[in-house]
There are 2 protein chains.
Amino acid sequence: MTDVVTEKPRRGRPPVSDEQRRRQRLDLSRHAVRLFAEQGVAATSGEQIAQAAGVSERTFWRYFPHKESCVEPLLTKMVEAFCVVVRAWPRELELIDHLREAYSPLLDAASDEDIEAVLAVVRLTHGEQALRAAYLMLRERAEDALADVLAERAGLPRDAIEVRVQAAAMSAVLKVATDDVARSAADGVTRETLEGHREQIAAALRGLSQML
Amino acid sequence: MTDVVTEKPRRGRPPVSDEQRRRQRLDLSRHAVRLFAEQGVAATSGEQIAQAAGVSERTFWRYFPHKESCVEPLLTKMVEAFCVVVRAWPRELELIDHLREAYSPLLDAASDEDIEAVLAVVRLTHGEQALRAAYLMLRERAEDALADVLAERAGLPRDAIEVRVQAAAMSAVLKVATDDVARSAADGVTRETLEGHREQIAAALRGLSQML
DNA sequence: CGCTTAATGGCAGATGGTGCCAATAAATGT
DNA sequence: ACATTTATTGGCACCATCTGCCATTAAGCG
């Protein structure tokens with residue numbers, strides 16, 4: 001009865017906090033992305049990234065299983081932002097209207113630098129196949145999260161076919177819109193660009209409804 | 001004026017035909033997939049695949065840029081089959097109805113072995129991340145082809161936002177349906193399973209229209 | 001059979017990535 | 001202060017992935 005949350009009279013050095021680890025990954029991620037953009041993925045070695053971030057190559061490979069997954073921390077920020085918005089989607093509102101309401105505050109929350117970096121990565125994924133593959137894998141993970149939210153809203157199991165189709169379609173729309181905004185924001189991202197992004201999504205969702 | 005199709009009084013050994021090359025790739029692909037399924041991707045080395053197919057490791061790497069791209073020839077068969085159907089989609093018919101008409105004959109055309117192999121690969125992509133990434137990349141290439149067809153139908157440029165959204169959404173639907181049929185056909189594929197697949201797609205497309 | 005060109009195979013080498021172990025860092029107990 | 005315990009780090013050896021280079025072989029043609 002005493003092990004509801006198993007007792008842990010911890011003894012040695014405690015593991016670093018998840019927060020700390022996240023920061024470290026993000027730091028490595030920034031260096032990696034900068035180098036990727038400057039000289040290409042293929043021409044950037046793991047050793048180089050490690051050196052730029054001031055850790056040994058060995059620990060670098062402990063933080064990232066593959067070179068391309070260096071983009072993950074940055075991109076995750078983006079998809080998580082979207083998941084937060086979707087999760088807050090009130091039942092009585094149209095998705096488009098909810099986006100208009102909830103998206104702007106979210107943009108204020110993220111730092112301009114991060115937004116710029118994320119868009120840079122998305123642009124990179126077009127020339128660099130390895131990065132594109134990593135990007136698509138990440139989007140599929142996001143799709144699962146989206147499916148969870150949609151399932152809860154609809155009161156259906158998360159692997160119901162309707163739920164998965166809707167999640168996949170929404171995710172696909174978001175992908176197109178994101179690629180588009182990244183392309184059009186090639187030099188400098190403005191508030192107008194981002195609001196354009198929101199409208200892009202809205203228009204795309206509207207377009208979906210005309211499909212059949 | 002004499003170089004409309006540059007004159008080629010060919011001299012030495014002629015390059016192998018594209019057909020021949022395609023066959024070779026497909027053969028390597030089959031061996032690779034079998035090994036992947038038997039012992040996992042990570043545990044299967046390029047040397048092993050080459051040996052199984054009876055070529056040197058060096059030439060194996062000439063046929064495939066990465067180990068995971070061994071699944072490409074098989075999967076391409078699948079997406080090309082779908083593209084053919086879409087291309088033949090008459091303007092006056094609903095897509096669902098067209099699928100019902102055109103899909104069955106197509107199933108007869110492909111060999112049972114190949115269909116089985118394709119589904120096996122799709123199943124593999126769920127446990128093997130590297131394969132999943134390759135799969136998603138291929139699907140995106142197929143999405144482009146789909147966009148071309150849709151653009152022509154709609155009389156819009158191929159990079160119009162509506163076209164790309166529609167292509168992305170259709171592709172996403174097809175992905176869900178394909179994953180589902182692969183899972184449900186885990187042991188032995190029957191004609192019922194495949195017709196189920198077609199209905200799966202139809203239902204999914206119908207579901208899409210209810211999205212908003 | 002010589003000539004020309006394409007495909008192949010073998011070998012060296014750089015990079016990606018992992019397992020193992022010693023060294024160090026951060027906590028607690030005495 | 002010091003020993004003890006545990007987590008992280010770095011160094012090293014090692015296998016796999018993939019490429020460049022060159023010699024060899026194969027396939028056509030006069």
Side-chain angles (χ1 to χ4, degrees), chain A residues 6-29 31-32 35-36 38-72 128-131 133-134 137, chain B residues 6-29 31-32 35-36 38-72 128-131 133-134 137:
Chain A
T6 332
E7 295 290 335
K8 284 185 187 174
R10 306 249 26 179
R11 293 261 307 171
R13 169 183 184 169
V16 295
S17 66
D18 283 2
E19 180 57 25
Q20 196 93 16
R21 192 175 172 78
R22 227 178 47 85
R23 280 177 183 278
Q24 177 73 292
R25 270 175 67 90
L26 195 59
D27 185 51
L28 282 164
S29 183
H31 285 285
L35 290 170
F36 287 168
E38 282 175 12
Q39 43 181 318
V41 176
T44 305
S45 69
E47 189 183 5
Q48 232 176 332
I49 303 172
Q51 196 173 351
V55 298
S56 79
E57 189 181 346
R58 188 60 187 85
T59 56
F60 167 72
W61 289 122
R62 264 193 273 261
Y63 275 91
F64 294 100
H66 323 289
K67 195 167 58 170
E68 320 86 49
S69 40
C70 286
V71 298
E72 194 189 295
E128 300 274 2
Q129 303 200 15
L131 293 193
M137 290 289 281
Chain B
T6 331
E7 294 291 334
K8 286 185 186 174
R10 305 249 26 171
R11 296 254 314 183
R13 168 183 186 170
V16 295
S17 66
D18 283 2
E19 180 58 26
Q20 195 93 15
R21 192 176 170 78
R22 229 179 46 85
R23 280 176 183 279
Q24 177 72 292
R25 270 175 68 91
L26 195 58
D27 185 51
L28 281 164
S29 183
H31 285 285
L35 290 169
F36 287 169
E38 283 174 13
Q39 41 181 322
V41 175
T44 305
S45 70
E47 188 184 4
Q48 231 177 333
I49 302 172
Q51 197 172 351
V55 298
S56 79
E57 188 182 348
R58 188 61 186 83
T59 56
F60 167 73
W61 289 122
R62 264 196 272 262
Y63 275 92
F64 293 101
H66 324 288
K67 195 167 59 169
E68 318 87 48
S69 40
C70 287
V71 298
E72 194 189 295
E128 301 273 2
Q129 302 199 13
L131 294 193
M137 290 288 282

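Chain letters run A, B, ... following the sequence lines, proteins first and then strands; every chain starts at 1.
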> Of all nucleotides in DNA chain C with an atom under 4.0 Å from a non-hydrogen atom of chain A, which is the first and which the last going 5' to 3'?
Replying inline: dG16(C) to dG29(C)
>> When you measure from the side-chain N and O atoms of Thr59(A) to the phosphate of dT9(D), is any distance below 4.0 Å, counting only OP1 and OP2?
In response: no
> Which sits closer to the 5' end of DNA chain C, Pro15(B) or Gly54(B), going by the nucleotide each is nearest to?
Replying inline: Pro15(B)
> If you round to the nearest 0.5 Å, how far is CG of Leu26(B) from CD of Glu72(B)?
Replying inline: 11.5 Å
>> If you compare all heavy atoms of Lys67(A) against all heavy atoms of Thr44(A), which two are closest, and at what distance to 0.1 Å?
In response: NZ-O, 2.9 Å
> Any side-chain N or O of Tyr63(A) less than 4.0 Å from the OP1 or OP2 oxygen of dT9(D)?
Replying inline: yes
>> Looking at Gln129(B), I want to see if its CD is surrounded by more than 12 non-hydrogen atoms of other residues, nucleotides or ligands under 6.0 Å.
In response: no
>> Can you work out whether Arg21(B) or Thr44(A) has the more 5'-proximal nearest nucleotide on DNA chain C?
In response: Arg21(B)
> Atom NE2 of His66(B) and atom C1' of dT19(D): how far apart are they, to the nearest Å?
Replying inline: 13 Å
> Taking CD from Glu47(B) and P from dT17(D), how many angstroms apart are they, rounded to a whole number?
Replying inline: 9 Å
>> Mind checking if Phe60(A) touches a base, just sugar-phosphate, or nothing, with heavy atoms under 4.0 Å?
In response: nothing
>> Regarding Ser69(A), tell me which of base, sugar-phosphate or nothing describes its non-hydrogen contacts under 4.0 Å with the strands shown.
In response: nothing
>> How long is the straight-line distance from OG of Ser17(B) back to CZ of Arg22(B), given to the nearest 0.5 Å?
In response: 10.0 Å
> What is the distance, rounded to the nearest whole Å, between atom CG of Leu28(A) and atom P of dT9(D)?
Replying inline: 10 Å
> Can you check the Trp61(A) CH2 to dC15(D) C1' distance for me, whole Å?
Replying inline: 15 Å
>> Can you identify which nucleotide, out of dG10(D), dT8(D), dT17(D), has its nearest atom closest to the Val55(A) side chain?
In response: dG10(D)
> Tell me, for nucleotides 21-30 of chain D in 5' to 3' order, what letter each nucleotide earns: B for a base near a protein heavy atom under 4.0 Å, S for only sugar-phosphate near one, - for neither?
Replying inline: B----BBS--
> Base, sugar-phosphate alone, or nothing: which one does Phe64(B) contact when heavy atoms must sit under 4.0 Å apart?
Replying inline: nothing
>> Measuring from atom NE2 of His66(B) to atom CH2 of Trp61(B), what distance do you get when rounded to the nearest 0.5 angstrom?
In response: 9.5 Å
>> Just checking Arg21(B): does its CZ atom have more than 12 heavy atoms from other residues, nucleotides or ligands closer to it than 6.0 angstrom?
In response: yes
> Can you tell me if Arg25(B) uses its side chain to pair, donor with acceptor, with the backbone of Tyr63(B) under 3.5 Å?
Replying inline: yes
> To the nearest Å, how far apart are Glu57(B) CD and dC15(D) P?
Replying inline: 15 Å
>> Using every non-hydrogen atom in the two residues, find where Phe36(A) and Cys70(A) come nearest and quote the distance to one decimal.
In response: CE1-CB, 4.3 Å
> Is the CD atom of Gln39(A) crowded by more than 12 outside heavy atoms at less than 6.0 Å?
Replying inline: yes
